[in-house]
Amino acid sequence: MTLGQLKEAPVPDRKSYDVVIAGGAVMGSACAYWLTRLSGGRARVLVVEPDPGYARASTALSVASIRLQFSNPVNIEISRFGLEFIRNISAYLGPAGGPGDLGLRENGYLFLAGTELQAANMRQNRDIQVSLGAETELLDRAALAARFPYLALGDVRLGSFGPRHEGWFDNMGLLGGLRRAARAAGADYLQDSVTGIDAADGRVTGVLLASGRRVTAGHVVNAAGTHGAGVARMAGLDIPVEPRKRTVFLIDAPRTKHPDAPLLVDHTGFYLRPEGDHWICATVPEDDPPVDHDDFEPRHWEFEDEIWPRLYARAPEFDAVKVLRMWAGHYSFNRFDANAIVGPHPDRPNFHFANGFSGHGLQQAPAVGRGVAEAILYGEFRSLDLSELSIGRILANRPFREKAIV
């Protein structure tokens with residue numbers, strides 16, 4: 001049975017929970033899993049999700065990749081734990097999590113630099129990455145040509161390649177495993193929407209649901225993805241998070257078959273990776289405004305106008321291509337600094353953020369879910385210090401920028 005075929009089991013008519021989580025995709029389910037695991041099943045957790053089929057969730061529409069090539073140490077460590085979790089998911093989730101293989105393909109990531117400034121950033125980032133356990137290699141043009149002979153490299157200054165610990169995996173397998181394990185440990189999943197948040201004396205006290213049900217809560221977690229800003233406003237708070245559309249193309253290129261190719265991030269503005277006998281590619285559109293939450297119409301012209309000319313210039317074997325399928329998903333984009341917002345708000349200490357991942361939420365969910373659970377259960381981050389991602393930096397107008405955004 002697929003996630004889309006699942007129906008929520010009846011939820012007890014419980015009027016009070018220790019934690020209510022708004023949003024049940026990968027981030028909300030990771031929080032629910034860790035809350036039940038770290039509390040030994042004692043935490044009463046309700047996950048409120050309007051679409052248990054996840055048809056429009058960023059989780060379901062992502063390209064399901066993971067990497068260690070970031071510029072901020074905390075993002076490297078977050079993804080390093082995510083990789084460990086994905087590799088050893090059976091050990092973490094146990095039999096309740098279901099199938100224990102997420103099909104991880106460690107083909108690596110290859111970033112190309114076209115300017116000396118980009119190359120200098122690569123050198124700096126590589127030192128940070130290696131110090132934290134990555135195996136990033138810097139490749140000059142000759143080394144790139146020897147390893148990737150199908151690429152045209154005349155405009156490339158330097159390449160940054162992660163030959164291990166980077167790749168892609170089964171996105172819905174991760175979500176399904178977290179959700180099953182959380183439910184097996186006692187978390188309730190309810191098909192409904194949070195429409196209001198009650199507060200008193202500087203703390204949230206519960207949520208109002210679209211069904212009319214009112215639930216008292218000791219803590220509320222905002223894991224509502226692109227709807228995160230709306231949920232925050234219900235608590236009288238603001239976060240700079242908005243939906244940004246990304247159109248992904250599955251293409252056939254019959255003259256080029258490189259199943260072991262890495263995920264290529266090209267400095268001209270596109271990315272490309274193999275997908276079976278085909279390829280997946282996308283770009284950050286030159287015009288990238290926030291979009292309506294219901295706007296999932298693919299920008300079909302992006303391939304012909306923006307991606308294919310750059311792709312053909314980089315790899316001439318892509319002279320004959322055919323778009324087989326396309327779909328649009330949404331980044332939950334933090335326009336302040338493109339980094340996640342994690343942890344409690346100082347003015348509502350029992351209202352917790354897990355928002356604004358700007359395209360990296362899937363790979364960051366295992367570590368962030370654990371961190372949010374620790375903050376709720378222990379009053380602090382214990383396994384990994386996520387305080388640099390707190391909303392405090394936004395309130396202080398102190399951006400914490402990630403240079404390696406894809």
Side-chain angles (χ1 to χ4, degrees), residues 19-23 25-28 30-31 58 70-79 82 128 194 196-197 199 202-204 207 219-246 284 288-291 293 330-365 367-376 379-406:
V19 185
V20 173
I21 301 172
V26 73
M27 196 60 63
C31 292
S58 297
F70 287 96
S71 64
N72 288 329
V74 67
N75 283 332
I76 299 168
E77 292 186 305
I78 285 172
S79 285
I128 298 170
V194 174
I197 295 178
R203 298 177 66 84
V204 296
V207 300
H219 296 263
V220 173
V221 177
N222 182 356
T226 57
H227 293 272
V231 172
R233 283 193 293 272
M234 296 175 197
L237 307 171
D238 288 310
I239 53 173
V241 173
E242 59 196 21
R244 299 282 185 92
K245 192 190 314 188
R246 297 291 182 265
V284 177
D288 188 28
V291 297
H293 287 97
H330 289 174
Y331 276 11
S332 178
F333 191 78
N334 178 1
R335 64 179 181 270
F336 182 72
D337 60 10
N339 253 324
I341 306 167
V342 179
H345 193 287
D347 296 335
R348 295 278 193 274
N350 63 336
F351 184 89
H352 303 262
F353 296 103
N355 303 103
F357 294 91
S358 304
H360 306 120
L362 184 65
Q363 63 184 290
Q364 295 188 328
V368 169
R370 181 181 63 178
V372 169
E374 289 173 347
I376 290 171
E380 62 181 0
F381 300 125
R382 289 189 175 180
S383 302
L384 181 61
D385 185 1
L386 303 179
S387 58
E388 289 177 302
L389 299 176
S390 76
I391 197 169
R393 74 184 194 277
I394 297 172
L395 300 176
N397 195 27
R398 189 180 64 252
F400 181 59
R401 297 200 181 278
E402 172 55 56
K403 297 176 184 177
I405 295 294
V406 177

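Only this structure's heavy atoms are used, side chains among them; waters, hydrogens and symmetry mates stay out.
Within the 4.5 Å cutoff, no side-chain heavy atoms of Val220 are placed close to those of Val231. Side chains of Val19 and His352 form no contact here, defined as non-hydrogen atoms less than 4.5 Å apart. Counting heavy atoms from C-beta outward, Ile391 and Leu237 have side chains that stay 4.5 Å or more apart. Residues Arg401 and Asn72 are not in side-chain contact: their nearest non-hydrogen atoms beyond the backbone lie 4.5 Å or more apart. For the pair Asn397 and Phe336, the minimum side-chain heavy-atom distance is below 4.5 Å. The shortest side-chain heavy-atom distance between His345 and Leu395 falls under the 4.5 Å cut-off. At least one side-chain heavy atom of Asn75 sits less than 4.5 Å from a side-chain heavy atom of Gln364. Contact annotation: the side chain of Ile78 approaches that of Leu389 to within less than 4.5 Å [non-hydrogen atoms, C-beta and beyond].
Scanning both residues, Ala229 and Val241, for their nearest heavy atoms gives CB-O, 3.5 Å. Nearest heavy atom pair, residue Pro349 against residue Gly202, reads CD-O, 3.4 Å. Shown here for Phe353 and Val372, the closest heavy-atom pair between the two residues is O-CG2, 4.0 Å. When all heavy atoms of His330 and Lys245 are compared, the pair lying nearest together is CD2-CA, 4.0 Å. The minimum heavy-atom distance linking Leu384 with Ala367 is given by the pair CD2-CB, 4.5 Å. Across all their heavy atoms, Val204 and Ala235 have their closest contact at CG1-CB, 4.4 Å.
Using cut-offs of 30° and 60° on the angle between ring planes, the pair Phe70 and His360 is perpendicular.
In this structure a side-chain-to-backbone donor-acceptor pair under 3.5 Å is missing from Asp238 to Pro240.
Of the candidates Asp337, Ile394, Asn334, Pro399 forms a side chain to side chain contact (heavy atoms under 4.5 Å, CB included) with just one, namely Asp337.
Salt bridge Asp288/Arg246: present, at least one basic N to carboxylate O contact under 4.0 Å.
For the atom pair OG of Ser387 and CZ of Phe400, the computed distance is 9.0 Å after rounding to the nearest 0.5 Å.
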